[in-house]
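For reference, the structure discussed in these notes is given below.
Here, residue 1 is the first one in the sequence, and each next residue gets the next number. Keep in mind it's a predicted model, so treat the numbers as computed, not measured. Atoms within a ligand are numbered from 1 in the order they appear, just like the ligands themselves.
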Amino acid sequence: MKHQNLLSIAANLPQPPTNRGLVLLSAREMAKMRRVGRLAANLLNHLEPMVQPEVSTQALNDEAARWMHAHGAVSATLGYAPPGHPPFTGSICTSINEVVCHGIPNPKQKLKDGDIINIDVTPILDGYHGDTSRTFLVGQVATTARKLVEATQASMMRGIAEIKPGARIGDIGAAIQDYAEASGFSVVRDMVGHGVGRQFHTEPQVPHYGRRGSGLKLRPGMVFTVEPMLNEGTYELKFLADRWTVITKDKKLSAQFEHTVAVTQEGVEILTLA
Ligand code: MF3
Ligand code: CO
Ligand code: CO
């Protein structure tokens with residue numbers, strides 16, 4: 001917390017609102033985003049071999065927490081409490097099968113052969129957030145599930161390929177939606193990508209569906225996530241009573257991939273590569 005905020009708490013004054021508006025990052029800030037982005041991707045690489053039947057989502061969480069601290073980072077998700085949500089209790093999100101996103105690690109929840117699991121990590125290093133996720137296959141996975149996971153990753157890459165100065169936010173969503181629907185899957189509407197940097201979630205919102213040529217014009221220095229969720233059945237969602245876990249309304253499978261990307265003079269840079 002900033003010094004100024006502490007003073008206003010002491011004086012019992014209203015808190016200044018956190019700035020969640022759109023920001024353009026300087027070259028210095030971009031270098032910090034590159035470092036935390038690489039760290040986030042390396043964390044997923046580190047966890048990948050643990051993704052095996054009988055491993056609990058809590059075990060994945062605890063290893064991720066240990067690894068982040070050993071690398072001088074902290075988790076952005078632990079204690080995260082945007083309006084309308086209780087503080088998140090995980091250092092990562094673990095979302096299995098029909099869980100779309102924001103699954104909470106739990107010692108009683110063990111991976112099973114045939115599951116798909118999204119692991120979403122957001123370390124904070126030197127004040128900057130790196131946000132990335134992948135969906136992993138547990139053991140032998142059915143063909144449709146594997147196709148869903150492959151299509152989700154490919155749709156994310158199609159979306160990212162649209163990014164360059166002058167392109168529109170809507171171009172990203174249109175490319176993702178075209179690919180997803182041509183593959184026979186639906187695109188989640190209610191969860192979007194977001195600006196990221198010093199803050200975890202800022203403008204712009206990045207829908208994973210939409211119309212080409214619509215929305216905000218991209219400019220060098222913008223940093224945001226592209227994080228499509230594709231569903232086997234309906235794109236409609238339900239929230240569990242814990243106010244975090246998001247599942248598909250029809251309980252069919254959902255997969256997600258996420259990169260943090262920067263708009264550059266030349267086009268796009270993926271910041272969350274190992
Ligand atoms: N990492 C998620 C995203 O991609 C947000 C997780 S917030 C949490 O935006 F509280 F659920 F962890
Ligand atoms: Co994100
Ligand atoms: Co994320």
Side-chain angles (χ1 to χ4, degrees), residues 18 20 22-23 33 36-44 47 57-58 60-62 64-65 68 73-96 99-106 109 117-125 128-136 152-153 155-156 159-160 163 169 172-173 176 187-208 222-230 237-247 254-262 270-273:
T18 312
R20 303 211 178 276
L22 188 126
V23 280
M33 284 302 293
V36 69
R38 184 173 317 115
L39 189 81
N42 287 341
L43 172 55
L44 289 180
L47 296 175
T57 51
Q58 188 70 44
L60 292 166
N61 178 88
D62 294 352
M68 282 188 262
V74 294
S75 166
T77 64
L78 187 62
Y80 187 58
H85 299 266
F88 193 79
T89 54
S91 295
I92 58 174
C93 298
T94 49
S95 303
I96 299 176
V99 179
V100 175
C101 61
H102 305 164
I104 306 169
N106 173 348
Q109 181 184 49
I117 178 176
N118 176 274
I119 303 182
D120 191 340
V121 302
T122 311
I124 306 171
L125 184 70
Y128 288 80
H129 295 68
D131 190 3
T132 187
S133 84
R134 296 179 209 149
T135 300
F136 299 102
T152 306
Q153 183 165 32
S155 75
M156 173 185 67
I160 292 172
I163 299 170
I169 289 271
I172 302 169
I176 291 169
V187 178
V188 169
R189 309 294 203 253
D190 292 350
M191 314 295 293
V192 295
H194 52 90
V196 61
R198 265 195 179 282
Q199 301 291 330
F200 195 173
H201 293 110
T202 71
E203 294 298 315
Q205 297 194 28
V206 184
H208 306 107
M222 287 181 180
V223 175
F224 52 81
T225 70
V226 179
E227 49 178 302
M229 286 139 276
L230 267 56
L237 310 178
K238 266 173 44 178
F239 279 78
L240 296 190
D242 62 26
R243 303 245 217 149
W244 273 112
T245 311
V246 181
I247 64 168
S254 183
Q256 182 178 26
F257 281 79
E258 176 175 25
H259 272 312
T260 298
V261 304
I270 300 177
L271 299 172
T272 42
L273 291 177

* Metal site the Co ion (ligand 2): N/O/S of H194 inside 2.8 Å -> yes
* **E227, N/O/S atom nearest the Co ion (ligand 2)** => OE2
* To do: Would you mind listing which atoms of ligand 1 come within a distance below 4.0 Å of any non-hydrogen atom of H201?
  => 3 (C), 5 (C), 9 (O)
* Does T122 reach ligand 1, in the sense of a heavy atom lying below 4.0 Å from it? -> yes
* Classify the ring geometry between H201 and Y80 as parallel (under 30°), tilted (30 to 60°) or perpendicular (over 60°). => tilted
* Taking the Co ion (ligand 3) as the reference point, name the nearest N/O/S atom of D131. => OD1
* D120 near the Co ion (ligand 3) via N/O/S, less than 2.8 Å -> yes
* Would you say D131 and ligand 1 have an N/O pair spaced under 3.5 Å apart? -> yes
* Heteroatom of E258 nearest to the Co ion (ligand 2) (N, O or S, atom name) -> OE2
* ligand 1 N/O within reach of H194 N/O, cut-off under 3.5 Å -> yes
* Polar proximity ligand 1 side, H102 side, N/O cut 3.5 Å exclusive -> no
* **Close side-chain approach of M191 to L237, heavy-atom, < 4.5 Å** => yes
* Asked: Would one find an N or O of T77, backbone or side chain, under 3.5 Å from an N or O of ligand 1?
  -> no
